[in-house]
Amino acid sequence: MSIYGLLAEDMAGDDAKKAKAKASGGGKKKEVKKETGLGLSFKKEENFGEWYSEVVVNAEMIEYYDISGCYILRPWTMSIWEIMQAFFDSEIKKMKIKNCYFPLFVSPGVLEKEKDHIEGFAPEVAWVTKSGKSDLEVPIAIRPTSETVMYPYYSKWIRGHRDLPLKLNQWCNVVRWEFSNPTPFIRSREFLWQEGHTAFATKEEADTEVLEILELYRRIYEEFLAVPVIKGKKSEMEKFAGGLYTTSVEAFIPNTGRGIQGATSHCLGQNFAKMFEINFENEKGEKSMVWQNSWAYSTRTIGVMVMVHGDDKGLVLPPKVASVQVIVIPVPYKDADTKGIFDACAATAETLCEAGIRAETDFRDNYSPGWKYSHWEMKGVPLRIEIGPKDLANNQVRAVRRDSGAKLDISRDSLVDQVKTMLDNIHQSLFDAATQKRDACVQVVKTWDEFKEALSQRKLILAPWCDEEEVELDVKARTKGEIGAAKTLCSPFDQPELPEGTKCFASGKPAKKWTYWGRSY
């Protein structure tokens, strides 16, 4: 069993104990005031893997399932996914891309039609071989991605130039089975994603869309998740199997020194059109093949957010994706006007909700204010509002930021404006802090020795490269170790100047471009 499986069993036991304790002592306030049991056992800096596993469970994002590599996505996670989905869906509809849904199952003949493509995915394909107790005559694959599912029908639907462009997207799940070390959100056997599949009459149209979609992916990471990403092009070795070229947004996790592919936008060229005979008659009456793209982002985005922003108190949510942006907690003392405090909390949450801010109250009477603070900090709520007797008397509230712990007393008269400003500031602070940490890890190298040293220090390495596949293979082979080999992450579109005569750090041949290298998830 993997470390995550063992952890799941331990956590299931812990959860049962906590539930039992709550059930037996729910009405005794003295017993429930303790804040123990809410904190994390592991620190982010000391044991990142265990810390991450604890955060996603304790923050009620996922629950472990009885099939390894599969996870239950709880409402706290699904609300984040839905917010990103609403943004992306509305943006692609502006681009005249329409939603559809294709079946989960793929016939072997279709799946194996594009040789490079199936070779890239073969180890991960799950097969259905039985129906009840009977063996199927022909096994059926479960989609790892949908190029081969969809394109036979593109061939049927596209006949002439007036049928183009054909631009479809589907929100669905995919299954990729063969891997080790499953990690919630980052590497799972089933995950949610969107996949767009488009066909054009010209390469120019396809090239334009690739970058338009990539920009939407950048916006998801930077404008919603407050995670800085690098836009760039994948190497020939790392591109999508069977495609012409692949672009991506790349994030970096400073604690582990690993890059992570955030989302990809591929130009497939005419390779799939050739295999699936997706032809059309152009305006001159000549037969042509279409140019195709495919592009996708998945629930992996959420794991990247947790890794980048989370701390030793738990999850830290950027305000735009938090299903609860503000939690309002009453803090009554002995002999305080409890009803007045509770009424003020309810009115505060109502005022914020009317202004479009996602606010809730926590009126549970079997937990102390201190316990509630820890609980909502674990769940990452961006802003906590406390109202006690003093706040009630002064017609104010106390606001506490999750990211920095900074406290501010706010007049209830200017509540909405101040809270909106604080939420904006929290997003910017998270993004700035993440960018600063990421940039501090970037190391520019020009020689192999500098590269090896930077890799040992878990850096995000920017190096001049000759852009040769054999050299990339050689770097992989020479850096292979227990924690994985180094590989190209992307060649950034924003290229620094490459002085004439610059040599490749690995081969000594003339360098053609700057490329990011490192270990990755």
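Under 3.5 Å, the side chains of Glu238 and Thr488 contain no donor-acceptor pair of N or O atoms. For the 3.5 Å distance criterion, the side chains of Asp163 and Tyr154 fail to qualify, holding no donor opposite an acceptor. Judged by distance alone, the side chains of Ser294 and Glu147 do bring a donor and an acceptor atom under 3.5 Å apart. For the 3.5 Å distance criterion, the side chains of Asp432 and Gln428 qualify, holding a donor opposite an acceptor.
Relative orientation of the Tyr297 and Trp81 rings is tilted, given thresholds of 30° and 60° on the angle between their planes. In this structure, Phe48 and Trp51 have tilted ring planes: the angle between them lies in the 30° to 60° band.
Residues meeting the side-chain contact (heavy atoms from CB on, under 4.5 Å) test with Ala434, sequence neighbours left out: Pro228, Val308, His309. Applying the side-chain contact (heavy atoms from CB on, under 4.5 Å) test to Ala406 and every residue at least two apart in sequence or in another chain returns Arg401, Ser404. Listed by chain and number, the residues in a salt bridge (charged side-chain N to carboxylate O under 4.0 Å, His left out) with Lys94 are Glu91 (sequence neighbours excluded). In this structure Ser248 satisfies the side-chain hydrogen bond (donor to acceptor under 3.5 Å, both in side chains) test together with Glu250, sequence neighbours excluded. Scanning for ring pair (Phe, Tyr, Trp, His ring centres under 6.0 Å) contacts around Tyr516 gives an empty result, with sequence neighbours left out.
A salt bridge links Glu60 to Lys379: one of the charged nitrogens lies within less than 4.0 Å of a carboxylate oxygen. Under the 4.0 Å criterion applied to side-chain N and carboxylate O atoms, Asp474 and Arg478 are assigned as salt-bridge partners. A salt bridge links Lys513 with Asp467: the distance from a Lys NZ or Arg NE/NH1/NH2 to an Asp or Glu carboxylate oxygen falls below 4.0 Å.
Checking Leu225, Val55, Thr77, Ile80 one by one against Val306, the side-chain contact (heavy atoms from CB on, under 4.5 Å) holds for a single residue, Val55. With respect to Thr198, the side-chain hydrogen bond (donor to acceptor under 3.5 Å, both in side chains) criterion is satisfied by exactly one of Glu205, Gln292, Glu209: Glu209.
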Open item on the list: Evaluate Glu377 against Arg384 for salt bridge (charged side-chain N to carboxylate O under 4.0 Å, His left out), listing each step before the verdict.
Closed with: CA-CA 9 Å; Glu377 282 172 352; Arg384 179 174 82 236; 3.1 Å; yes

Open item on the list: Walk me through whether Glu453 and Glu450 qualify under side chain to side chain contact (heavy atoms under 4.5 Å, CB included).
Closed with: CA-CA 5 Å; Glu453 178 60 25; Glu450 289 175 356; 5.7 Å; no

Quick one: side chains of residues 166-175, donor-acceptor pairs under 3.5 Å with protein atoms, not counting sequence neighbours, listed by atom name and distance.
residue	atom	partner	partner atom	Å
Lys167	NZ	Met95	O	2.7
Asn169	OD1	Gln194	NE2	2.8
Asn169	ND2	Asn99	OD1	2.9
Gln170	OE1	Phe102	N	2.8
Gln170	NE2	Ser146	OG	3.1
Gln170	NE2	Glu195	OE2	3.0
Trp171	NE1	Asp89	OD1	2.9
Asn173	OD1	Arg143	NH2	3.0
Asn173	ND2	Glu190	OE2	2.7

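More than 12 non-hydrogen atoms from other residues, nucleotides or ligands lie less than 6.0 angstrom from CZ of Phe87. Within 6.0 Å of CD on Gln436 lie no more than 12 heavy atoms contributed by other residues, nucleotides or ligands. Counting heavy atoms of neighbouring residues, nucleotides and ligands inside a 6.0 Å radius, atom NZ of Lys437 does not exceed 12 of them.
The cationic group of Lys234 does not satisfy the cation-pi geometry with Phe240, failing either the under 6.0 Å distance to the six-membered ring centre or the 45° limit from the ring axis. A cation-pi geometry, defined here as NZ or CZ lying under 6.0 Å from the six-membered ring centre and within 45° of its normal, does not hold between Arg300 and Trp193. For the pair Lys320 and Phe224, the distance from NZ or CZ to the six-membered ring centre is under 6.0 Å and the angle to the ring normal is within 45 degrees.
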